[in-house]
Novice: 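My structure is below; once you've seen it, I'll send some questions.
Because the structure is a prediction, the values reported are computed rather than measured. For the single chain, residues carry numbers from 1 onward in sequence order. Basis for what follows: all heavy atoms, side chains included, without hydrogens, waters or symmetry-related copies.
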Amino acid sequence: MPFCRQTPLTLKALRAKDYSETPRNLGEHLKKRRPELGLLQREAAEMLGVSTDTVVNWEKDKSEPVAAQFRPVVAFLGYDPAPEPQTLSERLEAKQRRLGVSLAQVARHLGCDPGSLKRYLDGSWRMPANRARALEAFLDAEDAALAGLHSLKRRR
């Protein structure tokens with residue numbers, strides 16, 4: 001057919017993915033999962049209960065969710081992207097994420113000041129044996145047994 005030769009043929013290049021196939025940080029995990037679900041950043045933000053700007057900042061690795069925001073993120077991703085905790089500080093951060101509580105709430109539960117707990121964890125101060133036992137007991141406790149931690153208010 002003679003008219004077929006006059007029809008221009010346009011090839012369209014595949015659009016490059018704007019995320020890594022092997023995500024290394026939380027932002028990359030979110031950036032990869034959102035298109036898999038066919039969601040816009042606005043829609044993902046709605047699902048996560050945060051603003052669109054927050055999702056943008058998370059995806060660009062400008063900020064990370066606080067402990068209370070992490071449970072919806074894990075539910076959104078379908079897994080916890082954090083590596084297996086090794087240090088005491090990492091173990092506490094993982095527990096905080098699972099429970100959705102702040103460092104201040106954990107400190108209040110343990111009967112100490114958040115600033116002191118932070119100094120114990122970063123090695124600035126030596127942790128007394130009784131505090132170390134209390135922290136280990138907290139870390140080893142079942143998450144369900146610590147459900148009341150949300151009701152503890154932050155000290156001011």
Side-chain angles (χ1 to χ4, degrees), residues 12-110 112-127 131-132 134-156:
K12 200 172 186 182
L14 291 176
R15 190 170 163 207
K17 295 178 182 174
D18 65 342
Y19 59 86
S20 170
E21 284 295 327
T22 55
R24 293 179 312 269
N25 56 45
L26 179 66
E28 290 177 2
H29 282 278
L30 289 169
K31 201 182 264 191
K32 180 180 179 198
R33 181 70 173 144
R34 188 175 47 76
E36 288 174 355
L37 297 173
L39 299 174
L40 300 171
Q41 286 174 327
R42 171 178 37 87
E43 296 165 328
E46 237 174 73
M47 286 179 69
L48 293 166
V50 295
S51 71
T52 304
D53 290 338
T54 300
V55 170
V56 169
N57 287 334
W58 288 350
E59 286 188 2
K60 289 183 176 183
D61 236 16
K62 289 185 178 181
S63 65
E64 287 194 0
V66 295
Q69 296 169 324
F70 208 81
R71 284 172 41 174
V73 170
V74 170
F76 178 80
L77 293 173
Y79 58 91
D80 186 347
E84 190 65 32
Q86 303 298 317
T87 66
L88 185 64
S89 183
E90 290 171 352
R91 288 176 57 210
L92 180 59
E93 286 176 22
K95 187 78 161 186
Q96 283 179 257
R97 284 193 306 268
R98 281 196 314 274
L99 296 172
V101 295
S102 68
L103 185 69
Q105 289 169 312
V106 172
R108 181 97 184 236
H109 175 77
L110 296 173
C112 68
D113 179 69
S116 299
L117 181 57
K118 196 170 190 160
R119 288 179 187 93
Y120 295 145
L121 293 170
D122 71 15
S124 301
W125 289 359
R126 189 174 155 273
M127 190 180 305
R131 292 257 191 246
L135 182 56
E136 282 296 332
F138 172 78
L139 293 172
D140 293 338
E142 292 292 326
D143 292 353
L146 299 170
L149 232 55
H150 291 282
S151 62
L152 293 177
K153 299 292 180 202
R154 295 179 179 187
R155 288 189 197 176
R156 300 238 179 227

Novice: Would you please test Leu92 and Leu117 for side chain to side chain contact (heavy atoms under 4.5 Å, CB included) and show each step?
Specialist: CA-CA 11 Å; Leu92 180 59; Leu117 181 57; 4.3 Å; yes

Novice: As a quick check of understanding, evaluate side chain to side chain contact (heavy atoms under 4.5 Å, CB included) for Phe76 and Leu30, giving each step before the final call.
Specialist: CA-CA 8 Å; Phe76 178 80; Leu30 289 169; 3.8 Å; yes

Novice: Check Gln96 against Val106 and note the closest heavy-atom contact, atom names and distance.
Specialist: CG-CG2, 4.0 Å

Novice: Hey, what do you get for CG (Leu110) to CG (Leu135), rounding to the nearest 0.5 Å?
Specialist: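 With rounding to 0.5 Å, CG (Leu110) is 6.0 Å from CG (Leu135).
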
Novice: Could you tell me which non-hydrogen atom of Leu39 sits nearest to which non-hydrogen atom of Glu43, and how far apart they are?
Specialist: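 Taking every non-hydrogen atom into account, CA-OE1, 3.3 Å.
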
Novice: With rounding to the nearest 0.5 Å, note down the distance linking CG in Leu121 to CZ in Arg119.
Specialist: 11.5 Å

Novice: Where is the tightest heavy-atom contact between Glu64 and Trp58, given as atom of each residue plus distance?
Specialist: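 Nearest heavy atoms, Glu64 then Trp58: C-NE1, 3.4 Å.
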
Novice: State whether the number of non-hydrogen atoms from other residues, nucleotides or ligands found under 6.0 Å of Glu36 atom CD is greater than 12.
Specialist: yes

Novice: Specify the closest pair of heavy atoms between Phe70 and Pro65, including all atoms of both residues, with the distance to one decimal.
Specialist: CD1-CG, 3.8 Å

Novice: Rounded to the nearest 0.5 Å, how far does CG of Leu99 lie from CZ of Arg71?
Specialist: 7.5 Å

Novice: If the test is salt bridge (charged side-chain N to carboxylate O under 4.0 Å, His left out), which one of Lys31, Arg34, Lys32 qualifies with Glu59?
Specialist: Arg34

Novice: What are the two closest heavy atoms between Ala94 and Pro85, and how far apart are they?
Specialist: CB-CG, 4.0 Å

Novice: List the steps, then state whether side-chain hydrogen bond (donor to acceptor under 3.5 Å, both in side chains) holds for Asp53 with Ser51.
Specialist: CA-CA 5 Å; Asp53 290 338; Ser51 71; 5.1 Å; no

Novice: Could you check whether any side-chain heavy atom of Lys95 comes within less than 4.5 Å of a side-chain heavy atom of Asp143, counting everything from C-beta outward?
Specialist: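 Contact flag for Lys95/Asp143 side chains = yes.
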
Novice: Can you give me the closest heavy-atom contact between Leu139 and Leu88, atom names plus distance?
Specialist: CD1-CD1, 3.5 Å

Novice: Give the ring-plane orientation class for Tyr79 versus His29, where under 30° counts as parallel, over 60° as perpendicular and anything between as tilted.
Specialist: perpendicular

Novice: Ion pair present between Lys118 and Asp113, side-chain N to carboxylate O less than 4.0 angstrom?
Specialist: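 Salt bridge flag = no for Asp113 with Lys118.
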
Novice: May I have the step-by-step check of side chain to side chain contact (heavy atoms under 4.5 Å, CB included) for Asp140 and Arg91, ending in yes or no?
Specialist: CA-CA 10 Å; Asp140 293 338; Arg91 288 176 57 210; 3.6 Å; yes

Novice: Given side chains that start at C-beta, do those of His109 and Leu146 come closer than 4.5 Å, heavy atoms only?
Specialist: yes

Novice: What's the spacing between Leu40 CG and Thr52 OG1 if we round to 0.5 Å?
Specialist: 9.5 Å

Novice: For Phe138 and Leu149, run side chain to side chain contact (heavy atoms under 4.5 Å, CB included): C-alpha distance rounded to whole Å, both residues' side-chain angles, the deciding distance at 0.1 Å, then the answer.
Specialist: CA-CA 11 Å; Phe138 172 78; Leu149 232 55; 3.6 Å; yes

